[in-house]
**Student:** 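One structure is given below, represented as structure tokens, and several questions about it will come after.
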Amino acid sequence: MSSSSAPRSFSPSTADAPSLAPLTFQDRIGVPLHATRHSSRVLSQSTRIHILNDKLTDDQARQLGHLVVHLGGQLTSTPSAANIIITALTAPKRIAKHIHPDDAASKFLVSPQWLHHVQRTGLLVDPDEYAVTRRSGTKRALDDHQTESAQHSKRPRLDSDTLLDGHNATDTPSGPSQADSERPFPWQNTKFACKRPSPLKCINQALVDELEVIHAERRLTGDSYSEMAYMRALSAIKAYPRSLANAPSQADKIKGVGKKVALLVHQFFTEGRIVEAKIIRRDPAIATIKSFTELYGIGPVGAREAYNEGCRSFADVLGKGRSLATALSVSESLRILPDLRRPIPRHECESITEMIMTMLDAILPGCVHTICGGYRRGKAQSYDLDIVVGHPRASRAVLHSLFDKMKRQGLVSHVVSISTPQDDEATDVHVDVAHLVVVPPNSGGLHRRVDLVFAPETVYGAAVLGYTGSIVFERDIRVWCRSRGYKFSFTGVTRLADNVVVDTPTEESVFELFGLPFMPPRWRNCDA
DNA sequence: CGGCAATAAC
DNA sequence: CGTAT
DNA sequence: GCCG
């Protein structure tokens, strides 16, 4: 594709719609620089729509274009930049002339009626309902009234009886969630993820997985506050202990779930999927951008830029030679990526830790340690290893001694980053961190990401808590903490009144200080 | 309508 | 600033 | 996008 970077526009050729502003095309991925304020947009930026002019008059095409923009969607100048293509054509051969063969499979090809239906209902209608090339059923494209009424009248709703109390969870079917009896305390309707137990897999996990698709798309497109809203909403649903299948309208009573997500929840349980997630799942642009973020040091912005500059493969990204400010070059990152994609089973987390702790013991005996991260939350496998070590005060630069020893033994293949040694006697507490790539012996030469954290025992509890996650749990414990007059980080807890660091030798001491019931690590799985 | 975690490295 | 934890 |  020709890299049309800046938004382009043209003025209407025929002057019979004078009130309309010129149409604006946007072929790039990502939220517009000046996000147009739609109070409640029907189409999000995940719908990038191209209108085939063929068989439409200029005027019709322009009207449709304005409708797309009016509904909050993005208009593209080429078919390949879109994920939805509107056309009045019906003959496959004629359509094929406009669509690159590579694109044909992934694009939704819809009739203009789709857009009108979207406008009429104010909902993102499944584009497959208006597919111009037949899928399983050929009759859909014409009878939009029928599909509409069918969707709205079907399915009984039996959600009036059940209430949001969470105590008498009598109806716990054979769900895949972990033993509910282990739940440390009952669910409560709170906006703080750190106050509600969240299992590894919840009873509404299929819904959570669907919302996660939208969340990931918001992250990749840079819609950051929408991203956060989805993250928190799915987190809230994840903690909800009862099935929403027969009571989808209960969803908007859960704190963190608002009008929009409640609508999606309803759609999921009445129609079996969320349309927006379906569109995103089929969007190759999103998949490509996501794959770029697998490279260390390339996040949503870098991945998006690469994509918008025409990159479609790792080789393309490598060709760009963007190694911006990362210890791991793109080529190195690419080289070890196959290894880093391999999950680390729990027993290997343990054996690597044992090896490292044995080495440490020869340097400074008597340190305590905890394997944190997903491992501690009970995940069967992880993609990195977080080891938090607690050492007696007065021991300085322990991490660096250990690090040297590991290097000498050839265990360290890459130093992603390591905190600068605190040479002088800094009076305040210092937590040392090393982000390494390690090649453990006896594991087939696989590269493994290992994070080492060295904390004085006075803040060991905060460090362990800070490295156990999950992300939403961490964020909310900080929010809660501030509301109680403290500031929390993995380096310790500070009382805001006098800026004094409070002793937090154990996790329990942190929870107690904050007036929070202790949350067992296995119940901190607040993320999808 | 303001706010949305905190921190370190690059 | 963007990325990572 | 949601909460207070």
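For the numbers below, each heavy atom of this structure counts, side chains included, while hydrogens, waters and symmetry mates do not. Here is the naming used below: chain letters follow the sequence lines, and residue numbers restart at 1 for every chain.
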**Student:** Using whole Å, what does the distance between atom P of nucleotide C:dT5 and atom CG of A:Leu385 come to?
**Tutor:**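 Spelled out: CG on A:Leu385 to P on C:dT5 is 13 Å.
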
**Student:** On a whole-Å scale, what distance lies between the P atoms belonging to B:dA5 and D:dG4?
**Tutor:** 15 Å

**Student:** Within the 4.0 Å heavy-atom criterion, would you say A:Leu295 contacts the bases, only the backbone, or no part of the nucleic acid?
**Tutor:**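 Contact class for A:Leu295: sugar-phosphate only.
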
**Student:** If you measure from the C1' atom in C:dT5 to the same atom in B:dG3, how many Å do you get, rounded?
**Tutor:**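 Each nucleotide's C1' atom is 23 Å from the other's.
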
**Student:** Identify whether the distance between the nearest side-chain nitrogen and carboxylate oxygen of A:Asp126 and A:Arg282 falls below 4.0 Å.
**Tutor:**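 Salt bridge between A:Asp126 and A:Arg282, a charged N being under 4.0 Å from a carboxylate O: no.
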
**Student:** Side chain of A:Asp386, heavy atoms from C-beta onward: which of D:dG1, C:dG2, C:dT5 has the nearest atom to it?
**Tutor:** C:dT5

**Student:** Between D:dG1 and A:Lys260, is there an OP1 or OP2 to side-chain N/O distance shorter than 4.0 Å?
**Tutor:** yes

**Student:** From the set B:dA6, B:dA9, C:dT3, return the single nucleotide nearest to any side-chain atom of A:Ser417.
**Tutor:** B:dA9

**Student:** Starting at NE2 of A:His430 and ending at P of B:dT7, how long is that distance when rounded to a whole Å?
**Tutor:**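 Computing the A:His430:NE2 to B:dT7:P distance gives 13 Å.
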
**Student:** Whether A:Asp283 and A:Arg48 form a salt bridge (side-chain N of Lys/Arg under 4.0 Å from carboxylate O of Asp/Glu) is what I want to check.
**Tutor:**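 Salt bridge flag = yes for A:Asp283 with A:Arg48.
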
**Student:** Give me the distance, rounded to whole Å, that separates C:dG2 from B:dA6 when you measure between the C1' atoms they each carry.
**Tutor:** 16 Å

**Student:** Side chains of A:Glu332 and A:His414: any donor to acceptor distance under 3.5 Å?
**Tutor:**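 A:Glu332 and A:His414 do have a side-chain donor-acceptor pair below 3.5 Å.
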
**Student:** Can you tell me whether the base of B:dA9 sits syn or anti, using the 90° cut around 0 to define syn?
**Tutor:**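 Syn, since the glycosidic angle lies within 90° of 0.
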
**Student:** Once ring pair (Phe, Tyr, Trp, His ring centres under 6.0 Å) is applied, what residue pairs with a partner in residues 188-227 of chain A remain, sequence neighbours excluded?
**Tutor:** A:Phe192-A:Trp480

**Student:** So, using ring pair (Phe, Tyr, Trp, His ring centres under 6.0 Å) as the criterion, who are the partners of A:His369 when residues are at least two apart?
**Tutor:** none

**Student:** Write down the distance between CG (A:Leu465) and C1' (B:dA5), rounded to a whole number of angstrom.
**Tutor:**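 Result: 13 Å.
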
**Student:** Passes side chain to side chain contact (heavy atoms under 4.5 Å, CB included), A:Ile387 versus A:Phe454? Steps please.
**Tutor:** CA-CA 9 Å; A:Ile387 307 171; A:Phe454 273 71; over 6 Å; no

**Student:** To the nearest Å, how far apart are A:Met228 CE and B:dA6 P?
**Tutor:** 12 Å

**Student:** Of the nucleotides C:dG2, D:dG1, B:dA6, which has the atom closest to the A:Arg218 side chain?
**Tutor:**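 Closest of the options to the side chain of A:Arg218: D:dG1.
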
**Student:** What's the closest nucleotide to the A:Arg475 side chain, out of B:dA5, D:dG4, C:dT3?
**Tutor:**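 Comparing B:dA5, D:dG4, C:dT3 against the side chain of A:Arg475, the answer is B:dA5.
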
**Student:** Within this structure, what is the CD1-to-C1' distance between A:Ile477 and B:dA6, rounded to whole angstrom?
**Tutor:**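 In whole Å, B:dA6 C1' lies 13 Å from A:Ile477 CD1.
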
**Student:** What is the distance from CD of A:Glu305 to C1' of C:dT3, rounded to the nearest Å?
**Tutor:**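 Going from CD in A:Glu305 over to C1' in C:dT3 covers 13 Å.
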
**Student:** Pick base, sugar-phosphate or nothing for A:Val433, based on heavy-atom distances below 4.0 Å to the nucleic acid.
**Tutor:** nothing

**Student:** Would A:Glu309 and A:Lys320 pass as an ion pair if we require N to O under 4.0 Å?
**Tutor:** yes

**Student:** When you measure from the side-chain N and O atoms of A:Arg449 to the phosphate of C:dT5, is any distance below 4.0 Å, counting only OP1 and OP2?
**Tutor:**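 It does, given that an N or O in the side chain of A:Arg449 lies less than 4.0 Å from OP1 or OP2 of C:dT5.
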
**Student:** Could you work out which one of C:dT5, D:dC3, D:dG1 sits closest to the side chain of A:Ser226?
**Tutor:**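 Minimum distance to the A:Ser226 side chain belongs to D:dG1.
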
**Student:** When Watson-Crick pairs (N1 to N3 and N6-O4 or O6-N4) and G-U wobble pairs (N1-O2 and O6-N3) count only below 3.5 Å on both distances, what is the dot-bracket string of DNA chain B, with | for other-strand pairs?
**Tutor:** ||||.|||..

**Student:** Does A:Tyr225 lie flat on the base of B:dC4, that is, centres under 5.5 Å apart and planes under 30° off?
**Tutor:** yes

**Student:** Check the distance between C:dT5's C1' and A:Phe454's CZ and give it to me in whole angstrom.
**Tutor:**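 After rounding, the reported distance stands at 17 Å.
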
**Student:** Using whole Å, what does the distance between atom C1' of nucleotide B:dA6 and atom CZ of A:Phe514 come to?
**Tutor:**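 For the pair A:Phe514 CZ and B:dA6 C1', the rounded distance is 12 Å.
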
**Student:** Salt-bridged, A:Glu507 to A:Arg524, with N to O below 4.0 Å?
**Tutor:** yes

**Student:** Consider the side chain of A:Tyr296, meaning its heavy atoms from C-beta on, and name the nucleotide among B:dA6, C:dT5, D:dG4 that approaches it most closely.
**Tutor:**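 When the side chain of A:Tyr296 is considered, C:dT5 is the closest of B:dA6, C:dT5, D:dG4.
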
**Student:** Remember a base hit wins even if backbone is also touched, and classify A:Ser419 as base, sugar-phosphate or nothing at under 4.0 Å, heavy atoms.
**Tutor:**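 Sugar-phosphate only.
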
**Student:** Is there a side-chain contact between A:Arg478 and the phosphate of B:dA5, meaning an N or O under 4.0 Å from OP1 or OP2?
**Tutor:** no

**Student:** A:Ala229 side chain: which of B:dA6, D:dG1, C:dT5 is closest?
**Tutor:** D:dG1

**Student:** Measure the acute angle between the ring planes of A:Phe490 and A:Tyr467, then classify it against the limits of 30° and 60° as parallel, tilted or perpendicular.
**Tutor:**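 Geometry flag for A:Tyr467 against A:Phe490: perpendicular rings.
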
**Student:** Would you say A:Lys487 reaches B:dT7's phosphate, i.e. side-chain N/O to OP1/OP2 under 4.0 Å?
**Tutor:**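 Yes, A:Lys487 has a side-chain N/O under 4.0 Å of OP1/OP2 on B:dT7.
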
**Student:** Which one, D:dC3, B:dA9, D:dC2, comes nearest to the side chain of A:Val261?
**Tutor:**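 The closest nucleotide is D:dC2.
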
